[in-house]
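One structure is given here, and the rest of the page talks about it.
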Protein chains: 2
Amino acid sequence: MRLTTKGRYAVTAMLDLALHGSEKPVSLADISGRQDISLSYLEQLFAKLRRNELVKSVRGPGGGYRLSRGSDEIFVAQIIDAVNETVDATGCGGTSDCQQGEVCLTHHLWCDLSEQIHNFLSQISLANLVERREVQNISARQEARSQESRDGDSASQENTLSLAEI
Amino acid sequence: MRLTTKGRYAVTAMLDLALHGSEKPVSLADISGRQDISLSYLEQLFAKLRRNELVKSVRGPGGGYRLSRGSDEIFVAQIIDAVNETVDATGCGGTSDCQQGEVCLTHHLWCDLSEQIHNFLSQISLANLVERREVQNISARQEARSQESRDGDSASQENTLSLAEI
DNA sequence: TTTTTAATTGACTAAATTAGTCGGTTATTC
DNA sequence: GAATAACCGACTAATTTAGTCAATTAAAAA
């Protein structure tokens, strides 16, 4: 069982897509800006998400990524599986050969735990997350902040220009 | 959230203790032999288990470790916590400062998941595991095997001796 | 048609964590 | 006092994560 920033980033990015991708595709640069995830790292993650048919890509200007289907048809477990290979908690990866070809003493416990986690994450869709009040609040905060930083950027750019002009 | 061999080894070793420690203390060498876990590594893990008051140690010949209380009062979650520091699934470790001092978009999801996992593992005691039929079967197999290897060892030792005598 | 945008690919690197090893010390019993 | 087994700390190798970097390709806009 490994749930690290890799899986968390992937779910966060997909949720960002669900929140902003209703009209036009969302570029990784936008997601990177809003969620503070490195652009190059997002590229890596989205390569896997695309291979797992969770997103569709649109190249060129105005391009980006879209969800491959409705946000109510994409579940957190699928996203983590796509980038993490597995959410299995066993050491053997389910092959039951943990101890010299036979199951180890705690094999069944980890199987039960894996099932528990998988059931939980399989029930939560991106649409479920979008509905949540906290998620909406955080998203609003992020949009305001990224708008600010855009304002700040162009202001500082104007400033650089005017300094160059002097 | 990290559940790796470290936590799995700890639970397996504690279960071994629950299965074999009813009369006299169990040495780490015994556990190492039965469960195929490196003795030195077990020492590391048991240092933490002892600090967390899950086991008591007895030094000297015939010494080893015992559970610090009844196997029905020791839960899997406690064991993993002892060696793994945490089973938290959030990136911030629960401090809610995942994104520049504020909560990230998926913070609440990971909190819910952490709670789910913790609830599950908190309900399972070592006694529960000992009761299970599969655990009993596997334990019986391990005892037979470690008896064999003891026989095999002394046989091969005899063999070495007799070869040396020739 | 050229430029720009943004996805796509692959190779490479740094940091962190895990899973140990090794050598020696201390307490206890026989 | 010899053997046993816990205890301790420092060190190491392998793996994984979390990135970076450079170059290519496709599509739209100019």
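The sequence lines fix the lettering, A, B, ..., with proteins before strands; numbering per chain opens at 1. We use all heavy atoms of the structure for the numbers below, so side chains are in, but hydrogens, waters and symmetry mates are not.
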**Asked** Are B:Cys104 and A:Ile138 close enough that some pair of their side-chain heavy atoms sits under 4.5 Å apart?
**Response** no

**Item:** C:dA19 phosphate, OP1 or OP2, under 4.0 Å from B:Thr4 side-chain N/O
**Value:** yes

**Prompt:** At under 4.0 Å, does any side-chain N or O of B:Lys6 touch on OP1 or OP2 of C:dA19?
**Reply:** no

**Message:** Using only atom types and a distance under 3.5 Å, with no angle test, would you say the side chain of A:Ser68 pairs donor to acceptor with the backbone of A:Lys56?
**Reply:** no

**Message:** Between A:Tyr9 and D:dG19, is there a contact of a side-chain N or O with OP1 or OP2 at under 4.0 Å?
**Reply:** yes

**Item:** Rounded distance (Å) that lies between atom C1' of D:dA6 and atom CD1 of B:Ile31
**Value:** 12 Å

**Prompt:** D:dA5 C1' sits how many Å from B:Leu17 CG, rounded?
**Reply:** 14 Å

**Prompt:** More than 12 foreign heavy atoms under 6.0 Å from CD of B:Glu53: is that the case here?
**Reply:** no

**Prompt:** When you check the gap from the basic side-chain N to the acidic O, do A:Asp36 and A:Arg145 get nearer than 4.0 Å?
**Reply:** yes

**Message:** Over all strands shown, is B:Ser38 touching base, sugar-phosphate only, or nothing at heavy-atom distances under 4.0 angstrom?
**Reply:** sugar-phosphate

**Request:** Consider only side-chain heavy atoms of I, L, V, M, F, W and Y, link residues closer than 4.5 Å, and tell whether A:Leu54 and A:Phe75 are in one cluster.
**Result:** no

**Prompt:** To the nearest Å, how far apart are B:Lys56 NZ and C:dA27 P?
**Reply:** 20 Å

**Item:** Mutual orientation of the aromatic rings belonging to B:Tyr41 and B:Tyr9 [parallel < 30°, tilted 30-60°, perpendicular > 60°]
**Value:** perpendicular

**Request:** Measure the distance from CG on B:Leu45 to P on C:dT21 and round it to the nearest whole Å.
**Result:** 12 Å

**Asked** Which letter, B, S or -, goes with each nucleotide of nucleotides 3-12 of chain C from 5' to 3', with contact meaning a protein heavy atom under 4.0 Å?
**Response** -BBSBBB---

**Prompt:** How long is the line joining CG of A:Asp36 and P of D:dG19, in whole Å?
**Reply:** 11 Å

